[in-house]
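Here the structure is laid out as structure tokens; the discussion comes afterwards.
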Number of protein chains: 4
Amino acid sequence: MDEISAGPGRPRDPKVDDAILTGTVEVLTERGWAGTTIEEVASRSGVAKSSIYRRYGSKAALVAAAATRDRATRFPGFDTGSAWGDLTAFILGSLRMLASVWKQVLPGMLAEAAADPEISTVVQEFWVWRREAIAGIVRRGVERGEIRAETDPELVLDLFDGPVLFRLLVTRAPLDGRYADRLVDEVMRIIGTSWH
Amino acid sequence: MDEISAGPGRPRDPKVDDAILTGTVEVLTERGWAGTTIEEVASRSGVAKSSIYRRYGSKAALVAAAATRDRATRFPGFDTGSAWGDLTAFILGSLRMLASVWKQVLPGMLAEAAADPEISTVVQEFWVWRREAIAGIVRRGVERGEIRAETDPELVLDLFDGPVLFRLLVTRAPLDGRYADRLVDEVMRIIGTSWH
Amino acid sequence: MDEISAGPGRPRDPKVDDAILTGTVEVLTERGWAGTTIEEVASRSGVAKSSIYRRYGSKAALVAAAATRDRATRFPGFDTGSAWGDLTAFILGSLRMLASVWKQVLPGMLAEAAADPEISTVVQEFWVWRREAIAGIVRRGVERGEIRAETDPELVLDLFDGPVLFRLLVTRAPLDGRYADRLVDEVMRIIGTSWH
Amino acid sequence: MDEISAGPGRPRDPKVDDAILTGTVEVLTERGWAGTTIEEVASRSGVAKSSIYRRYGSKAALVAAAATRDRATRFPGFDTGSAWGDLTAFILGSLRMLASVWKQVLPGMLAEAAADPEISTVVQEFWVWRREAIAGIVRRGVERGEIRAETDPELVLDLFDGPVLFRLLVTRAPLDGRYADRLVDEVMRIIGTSWH
DNA sequence: TATTAATCGAGACGGTACGTCAAGTCTTCTA
DNA sequence: TAGAAGACTTGACGTACCGTCTCGATTAATA
């Protein structure tokens, strides 16, 4: 995916790459999605506006890149030995990640994605690994006999991320550990082979 | 809330009220949330910009008003005699309403609400009657013995609107009758007193 | 020529008109034609950029307006009783006007006019009254018998402004009183009825 | 001033020299002075921008070089046997040269020269040979007794190029053969020893 | 019947950010 | 070193809307 060897011409300066994304996260943190302007990111990161536009065609693309870089660093592993434990670890990790900048950024991102297919793609890619993580948990749970064999991972993601998104965007109800427990409880009631 | 008798001075022209909201829906339909500008709404509806600002303080407030007016006309009743039927009617009605303009408008609205508390209030009010509708369905279901007594209507809304929102904003998976059936199925598995 | 009564809408603020043109002359004086930017004029005159663009479509149009306003205030009358005196007064007045800002501005103006027909029009209008002034001098001279009856005022303007422009733009030879005398001398040699 | 033998390193490629100037004239022809950019010249002539900047410090310097190269090829000799004939040949040749690209280029050049002394020098050098050509014509005319002995060639140039420049830049009056005749007529009326 | 006060359309106003463009400089690889 | 390629900083461009404001012209209820 990455260019290994350079073509002709001056190669892009990785320090500039870095400064842009770091500056983006900074401005997002301070000003939120709507208050973030390319102009501010440029002046903040000591980089020319044109150097940003050369890389990213829009604010949304820029923020998406920053988010993608951030994701890699934040999410730990989870394989606790039980479906219950795995799901709890997964949802808690998600909520922890959300608690940072991205809680403020996500709404704007999603709005942009609704209009711009290119951004939509980026957003969906952002969710692909979540689906795969869930699929892994489900597979292990089925092998252990904790989860029903015909379970669709897509459905589980629906039931996890849907309500979280709903609370984040609409009801603004708290997204804490107790809520995580309840979510896992409900989901296991649907996909589990038995219940206490 | 509404002024019943006029004070001194020229009263507001109801034709202007109407032209504004109608024009707003028109522009939203054609241009989507981001492409909708107050200036365009004004020129489209043959109304002065100041006449819009006199009524609504922002684009979001304007759109919220248009949405509220629209809601009243679109949503039919539902009381089918069974919890299963009620929930299905409710979710199908919701999906039908979403299929119109508001699918395009909702993301932008929610993004704005995330930043502006005033808009957030409007959005939440928009959801209040949904909670109440669900509460009614649950109450009737409990009385009939179809739904477990301790069921929290809030939770049911979570499980309905969450996944729908998730699909709408993120995965863009289809929101059709089959999906509605599956949703009701899952929810009833959680809140129902028995299952087949 | 001027609008006496206003159309609908807020009328243009004459203080803004004035601030813009005054600021333009200021910036031109300090920075010259090339160094003058609309942005600088705006910030200097405490006026929004859009208020300038609302009035003038380009730098050249803006400067032309400033020049036109300036012309009215700078040029005194001339009717000295003899063709010789009139022409001398005319050419001296012209050189005096040139000695101010406009010496620096004219080249850029003319370059712009060469490309943009609209500017060209403005520039030519700027020269119309010179043609007319010359025509008046010629007419009076013919009546007095000092100037040959068939004299074409256009030609006289050619012979006056041409060499001045040439010196200004190319040779940068001095444009002083002695040169003015010589110019009048030459021209009278062509259009005069006799010579000493 | 020119490097005769190369120092160390790769010598400059004369094909590049040529491509640059040829491309410059091409672009000037198509786009005029203002529309000509170094970037376009570079891509047009298949040469790197840095190869242009290595040779010429600015757009004006580049265009000046192109003009200088062009001048040598265009202007024929003139020595017709009479002052009248010489002057007519000279002015007609000048007008013919002007009719090409340079009519469009001159205004921009002169504007630049007004601000940049370096360009001003180039422009003045461009006029030196005209002064000398006129000086030759005058000298021969004086020897033949057609032109008054005290005639200043500088003045003649003033009277020729001034009006031409004026018409070119300002009035846009036609510059054809008839005008050439009239110009010669007027000038001879001033510097000639007699008239018909 | 006049007065008063708010509305209406229109459009100017000071702003802010946009995305584009060209200038001139710098950095890499290749010849 | 030159040369091609292209990234880089800089700075102005002209545009689009924002939300506020000032006009002159209505439009009722009040005096």
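Chain letters run A, B, ... following the sequence lines, proteins first and then strands; every chain starts at 1.
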Let me know, please, whether C:Lys59 or B:Lys59 comes out on the 5' side of the other along DNA chain F by nearest nucleotide. C:Lys59
[N] [atom2] sits how many Å from [X] [atom1], rounded?
X: B:Glu39; N: E:dG15; atom1: CD; atom2: C1'; answer: 14 Å
X: A:Tyr53; N: F:dC8; atom1: OH; atom2: P; answer: 16 Å
X: B:Arg44; N: F:dC17; atom1: CZ; atom2: P; answer: 13 Å
X: C:Ile52; N: F:dT15; atom1: CD1; atom2: C1'; answer: 15 Å
X: A:Ile20; N: F:dC8; atom1: CD1; atom2: C1'; answer: 11 Å
X: B:Ile38; N: F:dC21; atom1: CD1; atom2: P; answer: 16 Å
X: D:Tyr56; N: E:dA23; atom1: OH; atom2: P; answer: 16 Å
X: B:Glu40; N: F:dC18; atom1: CD; atom2: P; answer: 10 Å

Starting at the 5' end of DNA chain E and moving along, which residue's nearest nucleotide shows up first, A:Thr36 or D:Gly35? A:Thr36
Which nucleotides of nucleotides 6-11 of chain E have their base under 4.0 Å from a protein heavy atom (B), which only their sugar-phosphate (S), and which neither (-), written as one string 5' to 3'? BBBBBB
Output all residues satisfying side chain to side chain contact (heavy atoms under 4.5 Å, CB included) with [X], sequence neighbours left out; order by chain, then residue number.
X: A:Ala65; answer: A:Leu21, A:Tyr56
X: C:Lys49; answer: C:Ile38, C:Glu39, C:Ala42, C:Tyr53
X: C:Thr121; answer: C:Glu125
X: A:Ala115; answer: none

Measuring from atom CZ of C:Phe126 to atom CD1 of C:Ile119, what distance do you get when rounded to the nearest 0.5 angstrom?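 So the CZ of C:Phe126 and the CD1 of C:Ile119 are separated by 13.5 Å.
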With side-chain contact (heavy atoms from CB on, under 4.5 Å) as the test, pick out the partner of D:Val41 among D:Thr24, D:Val63, D:Thr22.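 Per the side-chain contact (heavy atoms from CB on, under 4.5 Å) rule, the option paired with D:Val41 is D:Thr24, out of D:Thr24, D:Val63, D:Thr22.
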Result block: side-chain N/O donor-acceptor pairs under 3.5 angstrom for residues 25-33 of chain B, not counting sequence neighbours:
residue : atom : partner : partner atom : Å
B:Glu26 : OE1  : B:Arg44 : NH1          : 3.2
B:Thr29 : OG1  : B:Val25 : O            : 2.6
B:Glu30 : OE1  : B:Arg44 : NH2          : 3.1
B:Glu30 : OE2  : B:Arg44 : NH1          : 2.9
B:Arg31 : NH2  : B:Glu40 : OE2          : 3.2

What residues in residues 104-121 of chain C put a non-hydrogen atom under 4.0 Å from any atom of DNA chain F?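 Result for residues 104-121 of chain C: none.
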Qualifying side chain to side chain donor-acceptor pair (under 3.5 Å) pairs with a residue from residues 108-118 of chain C, counting only residues at least two apart or across chains: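 For residues 108-118 of chain C, and leaving out neighbouring residues, there are no side chain to side chain donor-acceptor pair (under 3.5 Å) pairs at all.
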Do any pairs count as a salt bridge (charged side-chain N to carboxylate O under 4.0 Å, His left out) and have a residue in residues 13-24 of chain D, sequence neighbours left out, and if so which ones? D:Asp17-D:Arg55, D:Asp18-D:Arg69
